[in-house]
Amino acid sequence: MYHFHKERKEITIDKYNTPTPWMNYLSNGTFHTMISQAGGGVAFYRSPQIWRINHYRFFHLPMDRSGFYTYIRDGKDIWCPTNEPCRMKPEQWKASHGMGYTRYEAKRNGVEVKATYLVGSYEDALIWNLKFKSDEDKKITVYPYVELGMMEFMRELQWQCYNKHQLSAYNLEDILVYRYGVEDQPKPKETPYVYFASDAAISGFDCDRDEFIGSYRSEENPIRVEENACSNSTLFGGDPCFAFQIEVDLKAGKEKEVTIFLGTAMTEKEILDSVRNCRQEGFVSKSLRSLKEDWDSFLENFQCELPDKEAETMINIWNPYQMERNFQFSRNISYYATGTFRGVGVRDTAQDILAMIPFDLERAKNKLNLLFTQQYQDGHCNHYFFPTEGWEPVKRIHSDNHLWLVMDVYNIILEEGKLDYLFTSQPYYDGGRDTVWEHIKRSIEFTKKNLGERGFPLMLSSDWNDMLYKVCRKGKGESIWTSMQYGTVLKMMAHLSQLMGEEPSEYLRIYEEQKELVNSVAWDGQWFRRCITDDGTFIGSKDQEQAKIWLNTQSWAVISGMGDQEKQLQAMDSVKKHLNTELGIKKIHPAMKDYPSKEDPLTYYNKGCGENGSVFCHANTWAIIAECMLGRSDLAYQYYHQLLPMVVQSKAGEARYKAEPYVYASNIFGPESDKFGLANVSWLTGTAAWMYLAATQYLLGVKPKWEGLEIAPCIPEGWENVHIERVFRGCKYHITIKNSGSKAFIEHVEGRKEFSVEI
Ligand code: IFM
């Protein structure tokens, strides 16, 4: 059904009806398109909340509609190179997702079509390049089509009956133009026009969806294609679309090319300029070339050769690719997430930044600077915010958000080997500004001042685990996991203090204080408890009927170094015994039902779903890291390998797993669910960043330190001859690991460009 292509960095899918849409994201940082293997998807300019371009119907049947379609009318045959949405299918077909582009190759009745979709760096447009070839001389008619919507998706759901009559779509010199201008829209001056243009002559067009599709029809059988003539409709009020009619005269064996551009620009004049640019000779190949160059140079930062080819495919290509998309889109829009009210989450984005640091320090710093704008002078942060839309942030205070910032800063300093970033000045959300160093000191101060009765950090509106929001409703519940996160960053602060010539002892003192609590109050006998409720009950304890053991406090007892040595081992043994399954590690065991009470349960998730006993992939990454830190390489690798998307998909079965085999999902339904093995919320998940760090910095063990690069692999016993190339502080390191059990530390030498090491 699919195969990976290493050199081309592609996955090819030869079945259009995958169990769920298998997506790709095309983007130049401003104009974005999510597109499936069957041509369904959604394009947006900067924000899917307020500048969404076309309709994509979440949760509707048939799935994965609408999209970026081209109808080919060849005599009586009407079919699409994307396979969908026509009922008449190509005789041969395949789709390939690559780095920033998706290609469809189809053939029917002697007509071959290669359709490549990409968003290049030169114009804000989805480029839709069609190459035709026929066995014989033939005249075909081609109808590219996209269904437009109101740019504000939420307003469309609420007020479409009025607002749609404020939309317009019309023909400007054979370029179709859509203007979104409705009452009270946000940022009207920043709202672009949308255009649809072709480099071929058009013989007809439609801007009115109902004219093009016809009543009681759908994208499967548009009336205009059936009748082989567009109606040249414009639209001043109603449901808009863009459709062209293009006559293509094919000569046997000769390739003919037509390109469509779905783009944005701020004025009609800019549209004309942009289209002129798009239509220039060589524009498509130039765009494709620069896309390839950009991705090659991005991925070049870390490449490896491993005995495990599935791991190699993920580490070299798809994991960093997914990570970069997360970094851009946070948890905003996917097949699962409607992109209506998820802005930039401080917690989520701070974790995404961690994996961007080795690739692009400037991008990482810029994003982190954006997060600092959400920090208050007392050290806490808004939970999520909307820098593009300009809406009010969600101001709930969580116990973890501000602490992730420390981790980002520390990793930036280690990657760069300079303290300069600490001295840069960043604003506070509630006024004033200060250096980065002061900002992160205030992160620590906030937690220090917000401890509960037993001395652990207050849970507040939950820690990393969203589900725990009920634990602190009376303001007393405490998070043992946050204590471990706090401990982890306290050690980072102590190290940074030394580098800054300041006294680290206060950080170390608090660390020891928290450590003592973790080992006494939080220890349950065989594992660490998870948290304490307002009324003083421990969650995550053998004394409870349900949710007795939670993954995060076991893995972070190791990551933070706070668990006593034998307790760390025992806790991770308990993970193996109670939480591991053949499809990954569950987050809690047993799943909850009516816990702690029927009247006020901790979660309404069904057993084994989502936060309640699924295999939470994001949290699995920390178990891998913990096992590496304990030096248990076989277990670490087992946990890593079993969650590789293609591995878990094949083990669960394609029909059960459903999601893409080339990107991580947020979670997989656990064994207490009858859907055990169903992957949920793929693409946009913190799993991408952390899995990348787990693989490269812990399993392969190539880790930046202040003085240089540490190579401390924790790979399976049978592995020999692992080759790694890692760019670090301007030098390309060629690393060969013979698996002799030794480690290396390579001191950084300023100006060195290449270095080889064998261990
Ligand atoms: O940490 C959260 C994240 O912010 C959103 N998805 C679920 C995670 C775990 O609850």
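Keep in mind that what you see is a predicted model, and the values were worked out from it rather than measured. Each residue takes its place number in the sequence, starting with 1. First listed ligand is number 1; within each ligand, the first listed atom is number 1.
Ring-plane geometry between Y56 and F58 is classed as perpendicular, the angle between the planes exceeding 60 degrees on a 0 to 90 degree scale with a lower cut at 30. Relative orientation of the H578 and H589 rings is parallel, given thresholds of 30° and 60° on the angle between their planes. By the 30° and 60° cut-offs, the orientation of the rings of W523 relative to F528 is perpendicular.
Geometrically, ligand 1 and W464 share a nitrogen or oxygen pair separated by less than 3.5 Å. Backbone and side-chain nitrogen or oxygen atoms of R342 are examined, and none is located within less than 3.5 angstrom of a nitrogen or oxygen of ligand 1.
Side chain to side chain, Y335 and D64 fail the donor-acceptor criterion of an N or O pair below 3.5 Å.
Listed by atom number, the atoms of ligand 1 under 4.0 Å from N465 heavy atoms are 10 (O).
A salt bridge links D463 to R530: at least one charged side-chain nitrogen sits closer than 4.0 Å to a carboxylate oxygen.
Considering only non-hydrogen protein atoms, atom 6 (N) of ligand 1 sits nearest to D466 OD2, 3.7 Å.
With a heavy-atom cut-off of 4.0 Å, D348 touches ligand 1 through its side chain alone. In E611, the part holding a heavy atom less than 4.0 Å from any atom of ligand 1 is the side chain. Of all the heavy atoms of R347, the ones lying under 4.0 Å from any atom of ligand 1 belong exclusively to the side chain.
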(request) Verify side-chain contact (heavy atoms from CB on, under 4.5 Å) between Y511 and M562, making sure each step is shown before the conclusion. (result) CA-CA 8 Å; Y511 177 83; M562 287 166 104; 3.7 Å; yes
